[in-house]
Protein chains: 2
Amino acid sequence: MDIALNNEAPHTSVVPSGEGRFVDDYLLYLMARASHAISAEFHATLRRAGIQVPVWRVLASLSGSTTGETVTGLAEACLLQQPTMTKLLDRMVRDGLVKRMPDARDRRVVRIAMTPRGEATVRDLLVSAKAHEAELLSRFPDIGANRLKELLRSMAARPARGRRREAA
Amino acid sequence: MDIALNNEAPHTSVVPSGEGRFVDDYLLYLMARASHAISAEFHATLRRAGIQVPVWRVLASLSGSTTGETVTGLAEACLLQQPTMTKLLDRMVRDGLVKRMPDARDRRVVRIAMTPRGEATVRDLLVSAKAHEAELLSRFPDIGANRLKELLRSMAARPARGRRREAA
DNA sequence: TCATGACACATGAAATTTCATAAGCTAACC
DNA sequence: GGTTAGCTTATGAAATTTCATGTGTCATGA
């Protein structure tokens with residue numbers, strides 16, 4: 001049960017007053033804060049490379065995809081709205097990182113694929129990302145990486161259950 | 001140490017092609033995705049109450065604080081930039097949710113405190129938030145809530161920044 | 001074949017966020 | 001005592017995001 005975690009002050013105290021703020025024990029906040037903090041570490045690398053965070057997310061989501069991704073699919077993957085993704089892709093096309101291609105079966109669909117320039121850009125970043133992840137996990141030797149990842153995946157899965165769609 | 005997690009498909013497949021995208025096993029992405037997903041559940045409640053997400057974050061961060069928070073402190077707590085917070089507070093002051101007060105010791109500092117209207121607004125939301133958190137944790141009975149929270153707190157703690165704790 | 005509804009992406013105006021910087025204070029030092 | 005550097009908040013222009021909606025395509029069925 002015991003794991004040797006950092007035993008710093010339990011709350012980093014933005015608040016001097018009350019000994020415990022609500023948010024400092026609120027799971028959603030702790031998740032957002034942890035995610036933000038560890039992402040910020042990598043964002044420094046992106047900054048040095050002159051790559052914006054959403055651009056990196058798109059490139060990372062595209063990496064490995066041969067057929068290309070749809071706009072809506074990318075939006076979901078990057079946790080953005082669809083119109084936001086359309087405009088982000090406009091910029092990335094302009095910068096030569098990705099290209100839009102027609103879908104073979106469905107003419108509504110636009111498939112997004114990386115250009116050689118996009119691939120070259122993402123290649124180095126992927127190396128950095130993997131290195132950072134390894135370093136990060138090494139900071140917490142007592143947690144099982146796969147176990148943690150499984151938990152996160154299940155958290156991201158459909159909340160569903162309970163009220164689905166209201167009867168029309 | 002086995003835990004019975006949801007055994008859904010390992011990746012929700014935004015990508016039909018490659019059997020495993022990089023991002024689907026990338027810790028930073030999984031954290032962001034999990035955080036986004038569980039937050040989205042609560043955001044539905046906020047939507048119903050007509051409260052914007054950043055407004056909720058400010059109110060939640062203020063709840064319990066007697067002396068009030070500084071603008072910069074709130075910005076950090078809410079994972080926003082300081083100018084963003086200033087403008088957000090402008091709107092919240094306009095809507096009567098918070099007020100700006102001078103700091104007793106330092107005239108540079110502006111202390112932000114909730115108005116009665118702000119307190120009333122946050123009260124119900126806090127109840128909902130706690131209920132949601134309890135329901136959420138009940139979905140994962142095999143993880144220790146406190147253990148998970150400790151892990152998240154340590155992840156959010158200052159990482160590198162040169163060396164660790166230098167006794168000052 | 002023609003409705004009809006749903007889907008996928010784009011677009012435009014409005015709201016928000018960011019970046020760089022300004023203005024007001026404080027603290028430290030010479 | 002008067003710089004000088006640093007800290008806290010505010011501001012304005014530019015970039016981005018969002019919301020609502022438009023356009024074109026697909027799918028179903030009468």
Side-chain angles (χ1 to χ4, degrees), chain A residues 14-16 32 36 39-40 43-44 46-48 50-58 61-62 67-95 97-113 165 168, chain B residues 14-16 32 36 39-40 43-44 46-47 50-58 61-62 67-95 97-113 168:
Chain A
V14 182
V15 174
H36 186 269
S39 289
H43 294 174
L46 292 178
R47 200 152 198 46
R48 258 175 263 124
I51 301 292
Q52 290 185 331
V53 174
V55 171
W56 151 247
R57 290 199 182 131
V58 171
S61 297
L62 284 173
T67 56
E69 296 284 341
T70 69
V71 175
T72 301
L74 279 175
E76 283 173 14
C78 297
L79 313 175
L80 298 173
Q81 309 289 102
Q82 174 266 311
T84 305
M85 182 54 67
T86 289
K87 291 180 212 303
L88 173 56
L89 291 172
D90 287 346
R91 281 172 256 147
M92 292 180 69
V93 168
R94 180 200 63 196
D95 296 342
L97 295 171
V98 298
K99 58 191 167 191
R100 279 185 237 247
M101 320 185 71
D103 183 86
R105 313 203 165 281
D106 189 334
R107 273 186 298 176
R108 291 172 300 182
V109 171
V110 172
R111 296 226 156 252
I112 308 296
R165 68 201 225 103
Chain B
V14 182
V15 174
H36 186 268
S39 290
H43 294 174
L46 292 178
R47 200 153 200 49
I51 300 294
Q52 290 185 333
V53 174
V55 170
W56 152 247
R57 289 200 182 129
V58 171
S61 296
L62 284 173
T67 55
E69 296 284 340
T70 70
V71 175
T72 300
L74 278 175
E76 283 173 14
C78 298
L79 313 175
L80 298 173
Q81 309 287 98
Q82 174 267 311
T84 305
M85 182 54 67
T86 290
K87 292 179 203 326
L88 173 57
L89 291 172
D90 287 346
R91 283 172 256 147
M92 291 180 70
V93 168
R94 180 201 62 196
D95 297 341
L97 294 171
V98 298
K99 59 191 167 190
R100 280 186 235 247
M101 319 185 70
D103 184 86
R105 314 203 163 279
D106 188 335
R107 274 187 296 177
R108 292 172 299 183
V109 170
V110 172
R111 296 225 156 252
I112 307 296

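Chain letters run A, B, ... following the sequence lines, proteins first and then strands; every chain starts at 1. Please read these numbers as outputs of a predicted model, since none were measured by experiment.
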| field | Backbone N/O of A:Leu97 and side chain of A:Asp95: donor-acceptor pair under 3.5 Å | value | no

| task | Give a yes/no answer on whether the side chain of B:Thr72 brings an N or O atom under 4.0 Å of OP1 or OP2 in D:dC7. | result | no

| remark: Closest of D:dT16, C:dC9, D:dC26 to the A:Asp106 side chain is D:dC26

| field | B:Met85/B:Cys78 under side chain to side chain contact (heavy atoms under 4.5 Å, CB included): CA gap, chis, key distance, verdict | value | CA-CA 9 Å; B:Met85 182 54 67; B:Cys78 298; 3.8 Å; yes

| said: Is it true that, when you exclude A:Arg100 itself, more than 12 heavy atoms of the residues, nucleotides or ligands shown sit nearer than 6.0 Å to its CZ? | reply: yes

| task | Report the distance from atom CD1 of A:Ile112 to atom P of C:dC9, rounded to the nearest whole Å. | result | 8 Å

| said: Go through it in stages, so that I can follow the logic: the residues are B:Val110 and B:Met101, the test is side chain to side chain contact (heavy atoms under 4.5 Å, CB included), and I'd like the CA-CA distance, side-chain angles, deciding distance and then a yes or no. | reply: CA-CA 6 Å; B:Val110 172; B:Met101 319 185 70; over 6 Å; no

| request: Give the nucleotide from the list C:dT17, C:dA8, C:dG12 with an atom nearest to the side chain of A:Lys87. | output: C:dG12

| query | From D:dC19, C:dT26, C:dT18, pick the nucleotide closest to the side chain of B:Thr84? | reply | C:dT18

| With distance as the sole criterion, do the side chain of A:Arg108 and the base of C:dC7 form a donor-acceptor contact below 3.5 Å? | yes

| task | Write down the atom of B:Ile51, the atom of B:Trp56, and the distance for their closest heavy-atom approach. | result | CG2-N, 3.9 Å

| remark: Here the distance between atom C1' of C:dT16 and atom CG of B:Leu89, to the nearest Å, is 14 Å

| message | Under 4.0 Å from OP1 or OP2 of D:dA20: is there any side-chain N or O of A:Gln81 that close? | response | no

| query | Which nucleotide sits closest to the side chain of A:Arg47: C:dT26, D:dA10, C:dC19? | reply | C:dC19

| To 10°, what angle do the rotation axes through the five end pairs on each side of the helix from C:dT1-D:dA30 to C:dC30-D:dG1 form? | 10°

| request: Scan B:Asp90 against the nucleic acid and name what it touches under 4.0 Å (heavy atoms): base, sugar-phosphate only, or nothing. | output: nothing

| task | Establish, with yes or no, whether the OP1 or OP2 oxygen of C:dT16 is under 4.0 angstrom from a side-chain nitrogen or oxygen of B:Arg91. | result | yes

| said: Measure CD/B:Gln52 against P/C:dA14 and give the value in whole Å, please. | reply: 17 Å

| task | Examine C:dA10: is either OP1 or OP2 under 4.0 Å from a nitrogen or oxygen in the side chain of A:Thr86? Give yes or no. | result | yes

| field | d(CG, A:Leu80; P, C:dC9) in whole Å | value | 15 Å

| Between C:dC9, C:dT17, C:dT16, which nucleotide gets closest to the side-chain atoms of A:Val71? | C:dC9

| Nucleotide nearest A:Pro83 when distance is taken to its side chain, options C:dA10, D:dT16, D:dA10 | C:dA10

| query | When you match A:Arg105 and A:Leu79 each to their closest nucleotide on DNA chain D, which lands nearer the 5' end? | reply | A:Leu79

| How close or far is atom P of D:dA10 from atom CG of B:Leu88, stated in whole angstroms? | 12 Å

| Does any non-hydrogen side-chain atom of A:His43 lie less than 4.5 Å from one of A:Arg47? | no

| said: Just so I know, are the side chains of B:Ile112 and B:Lys99 near enough to count as touching, which here means a heavy-atom distance under 4.5 Å? | reply: no

| request: Grab the CE-P distance between A:Met92 and C:dA10 for me, whole Å please. | output: 14 Å

| task | Please report, rounded to the nearest Å, how far the P atom of D:dA10 is from the CG atom of B:Leu74. | result | 11 Å

| message | Between B:Leu74 and B:Leu88, is the side chain to side chain contact (heavy atoms under 4.5 Å, CB included) condition met? List the steps. | response | CA-CA 11 Å; B:Leu74 278 175; B:Leu88 173 57; over 6 Å; no

| query | Is any side-chain N or O of B:Gln82 under 3.5 Å from a base N or O of D:dA10, one able to act as donor and the other as acceptor? | reply | yes

| query | Ignoring hydrogens and angles, are the base of C:dC25 and the side chain of B:Arg107 linked by a donor-acceptor pair under 3.5 Å? | reply | no

